[in-house]
Visitor: 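Below is the structure I would like to discuss, written out as structure tokens.
Throughout, a chain's letter reflects where its sequence line sits, starting with A, and its residues are numbered from 1.
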Number of protein chains: 2
Amino acid sequence: MPIISTAGSRFADTVYADRLLRATAEAATRSIAALLVTPSADYEYLLGYRPPAMERLTCLVLPVDGVPALVVPRLEEPLARHAIGALADGIEIVPWEETDDPFQLVKGRLRGTLRVGLQDQMWSRFVLRLRALLDPAELVDASPAIGAVRRIKQPDEIDRLRAAASAADEAMLAITAERLSGRSEEEVSRRINELLLTAGHDTAQFAIVASGPNSASPHHSPGERVIQAGDAVVLDIGGTRDAYCSDTTRTAFVGEPPADFAAMYEVLRMAQAAACAAIAPGIPAREIDRAARQIIEEAGYGDAFMHRTGHGIGLETHEEPYIVESNDEPLVAGHAFSIEPGIYIADQWGARIEDIVVCTDAGGERLNTNSTELIVVE
Amino acid sequence: MPIISTAGSRFADTVYADRLLRATAEAATRSIAALLVTPSADYEYLLGYRPPAMERLTCLVLPVDGVPALVVPRLEEPLARHAIGALADGIEIVPWEETDDPFQLVKGRLRGTLRVGLQDQMWSRFVLRLRALLDPAELVDASPAIGAVRRIKQPDEIDRLRAAASAADEAMLAITAERLSGRSEEEVSRRINELLLTAGHDTAQFAIVASGPNSASPHHSPGERVIQAGDAVVLDIGGTRDAYCSDTTRTAFVGEPPADFAAMYEVLRMAQAAACAAIAPGIPAREIDRAARQIIEEAGYGDAFMHRTGHGIGLETHEEPYIVESNDEPLVAGHAFSIEPGIYIADQWGARIEDIVVCTDAGGERLNTNSTELIVVE
């Protein structure tokens, strides 16, 4: 019986009450009559705790008109009641027994609702059950409504993102102060996981170590390759602290970098700085992508930068807003996202630089504050 | 850019080729023309590696007739190609660019298929996109087809479950040899996470520590409560080793247990032993539940055992088959599941005993081998 609590310490209950109200209002403007939210970052955002996603249905039923209900397995009722604290005054907790059908309980709370928003990571087995049971209701993605609230970080959330970023910066400084040559990628990855925890993360989530030709694979899985002199090494690391995520990348070179790598890296560094400098409220996300991409294209590396420039970050490592060519959404103060261009030359080497940046009224504020210069390691 | 690899070392490629064939055959007998499998334990089971579930679509398209395709973001193509090894000879890898629509690529591979099975944890945002795009195809749950293969563990898988169970047993012996009184539940939970890793797990997944009145909450989340003399303490712990899960529970008592607790515990112990003894091929799962429940009911604790007796275990902590009253599926050699009755008296105390057991031709084989006697701790 697992319970994986990724939740950090709670904010005040009024914070969650306010989020529930705002998500409901966003649903109403989209003609959605009720939101169904299963355990996920959205659930944690709205209720302040996060049970594991599992086969027993736990579902927040959030109607635009009426009292919210929390449908939970009876054996998790004490946990839910304890976790939501004073919020329980405004939410009806509806426990179900092992032999009940919890979907009928959900249906009963919806009372003929015709347009229902589903949390966007709800399991397909639940979606298919609801599809059959709620026919002819229209089922739509709840993420535009919940995301409209969640993507604008409040000051307390930015403080947590900053604390997580500082912890990641500390881990990055620590690993790049060590000798890397002679160690396998796997070994260095494990060491980074330790350093992420030592630096104050609650969980270590990932530690990409991509060396030599592997550095040309943006999502390389660290393996047995032993790092050696002449390698570029891309280090992309992150964890959670108080439920909020860190995510930062630096590129190291083992020994003196050759001139062509150094030149390529400087292009990347300028591109990353240009994207950060372009951030301001009202600027479309795609223009931030463009700011980085243009510099890389003009230097002749356009084909070697095959991913978007960044992703939003908060309770999840990847969330809205995405900094990608296809996103014309204007930035708003409180958006927090990565700026992480990369240049990848197949079979040879690659490099990436990634910082988390918050859009403020005064422009972009980097939460990762380490230097972006190429790091020479032993 | 996170990559969370929960995968253990791979079996031989022929193992995955065989699983792909068998899942396809199971789909065919259910009139499903193609399976769509996004990153999940099913994906790992079929391909031997597990990318994180994320907003970029990665999807195995497994038609009953035709060549399987793996639709992946271009930046994960090198990882996918490397990870599936020689399997790539029989699977077409279809990369997509950041500005492509990967759902159209999936649709193109289905060629008018009328009944499509969706991996049961696929995100609702993907399900809703596919629902709109594939209309009028019928979308059904893929888990009966994939689960029919996956729920019967092969000897190599049982070896891994046994190794994980041994590691959990070792951690349980270690924590119950320590003094618990005077420490908070949270502190003991963190210590168990360390001990799970020390004992050979790759990841520590959960460590429920429910003390005193909290022991009456089956899914209690460890908190600030300090353990003290006279407490029952339910310890429910698990992790993964080589991708397979462990999950075991023991109940400790701080100091001499009162006679009424000891008597209640003995009922529980007999119930757990009776359920283990009832296991044999051909016996319906619900009869295993009944074997435990009957003893608890006859002793007058029926209402205090409010959850099912067990759950399947393998690449996930909870999977098919479920040992629950509503499941009349007959057991088969190779089924692996927990036997974990509990008795919970609100505001006072609770107890649970959990072992992982494999159904063999000769009956149930416990993979957890620690004594089930009540553990007296300081």
Side-chain angles (χ1 to χ4, degrees), chain A residues 1-5 49 51-55 73-76 78-79 82-83 97-99 118-128 131 139-143 205-206 208 216-223 236 238 247 249 306-308 311 317-319 322 324-326 338 340 346 352 354, chain B residues 1-5 49 51-55 73-76 78-79 82-83 97-99 118-128 131 139-143 205-206 208 216-223 236 238 247 249 306-308 311 317-319 322 324-326 338 340 346 352 354:
Chain A
M1 286 202 176
I3 176 147
I4 304 165
S5 177
Y49 85 109
M54 59 159 82
E55 73 290 351
R74 186 177 149 203
L75 78 167
E76 297 201 348
L79 169 67
H82 173 77
E97 308 287 336
E98 297 280 59
T99 49
L118 304 185
Q119 198 282 329
D120 80 331
Q121 295 170 8
M122 182 184 284
W123 287 4
S124 90
R125 69 156 77 179
F126 299 154
V127 178
L128 296 176
R131 172 68 286 163
L139 303 184
V140 300
D141 187 355
S143 61
Q205 297 273 46
F206 57 93
I208 297 179
S217 171
H219 276 188
H220 176 66
S221 182
D236 187 345
D247 189 2
T249 307
M306 81 291 265
H307 58 71
R308 64 191 174 204
H311 53 80
T317 310
H318 287 190
E319 58 182 57
Y322 291 98
V324 61
E325 230 164 326
S326 54
S338 69
E340 51 174 314
R352 182 165 66 252
E354 175 182 22
Chain B
M1 284 200 181
I3 177 146
I4 305 165
S5 177
Y49 85 109
M54 60 159 83
E55 73 290 351
R74 187 178 148 202
L75 77 167
E76 297 201 347
L79 168 67
H82 173 77
E97 307 288 336
E98 297 278 61
T99 49
L118 304 186
Q119 198 281 328
D120 80 331
Q121 296 170 6
M122 182 184 286
W123 288 4
S124 93
R125 70 156 75 180
F126 299 154
V127 178
L128 295 176
R131 174 66 286 163
L139 303 184
V140 300
D141 187 354
S143 61
Q205 298 273 45
F206 57 93
I208 296 179
S217 171
H219 275 189
H220 176 66
S221 181
D236 186 347
D247 190 0
T249 306
M306 80 291 263
H307 58 71
R308 64 191 173 204
H311 53 80
T317 311
H318 288 190
E319 59 182 57
Y322 291 98
V324 61
E325 231 165 325
S326 54
S338 68
E340 51 173 316
R352 185 165 63 251
E354 176 182 22

Visitor: What's the spacing between A/E55 CD and B/H318 NE2 if we round to 0.5 Å?
Guide: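 Taking CD in A/E55 and NE2 in B/H318, the distance rounds to 5.5 Å.
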
Visitor: So which part of B/L128 gets closer than 4.5 Å to some heavy atom of chain A, the side chain, the backbone, both or neither?
Guide: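 Just the side chain, heavy atoms under 4.5 Å.
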
Visitor: Nearest 0.5 Å, what's the CG-CE distance between B/L75 and A/M306?
Guide: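 The CG atom of B/L75 sits 7.0 Å away from the CE atom of A/M306.
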
Visitor: Measuring heavy-atom distances to chain A, does B/Q121 have an atom under 4.5 Å in its side chain, in its backbone, in both, or in neither?
Guide: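 Both parts, backbone and side chain.
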
Visitor: Taking all atoms of both residues into account, what is the closest heavy-atom pair of B/L79 and A/S221, and its distance?
Guide: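 Distance-wise, the nearest heavy atoms are CD1-CB, 3.4 Å.
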
Visitor: Less than 4.5 Å to any heavy atom of chain B: does that hold for the side chain of A/Q119, its backbone, both, or neither?
Guide: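 The answer is the backbone of A/Q119.
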
Visitor: Name the region of A/Y322, side chain, backbone, both or neither, that has any atom closer than 4.5 Å to a heavy atom of chain B.
Guide: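 Side chain of A/Y322 only, per the 4.5 Å heavy-atom cut-off to chain B.
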
Visitor: Measure the CE-CE distance between A/M122 and B/M122 for me, rounded to the nearest 0.5 Å.
Guide: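 So the CE of A/M122 and the CE of B/M122 are separated by 15.5 Å.
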
Visitor: If you count heavy-atom pairs under 4.5 Å between each of A/A346, A/S143, A/S124, A/A142 and chain B, which one has the most?
Guide: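 Between A/A346, A/S143, A/S124, A/A142, the count favours A/S124.
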
Visitor: What distance do A/M54 atom CE and B/H311 atom NE2 have between them, rounded to the nearest 0.5 Å?
Guide: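 Separation between the atoms: 8.5 Å.
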
Visitor: Under a 4.5 Å heavy-atom cut-off, does chain B meet the side chain of A/E325, its backbone, both or neither?
Guide: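 The side chain, not the backbone.
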
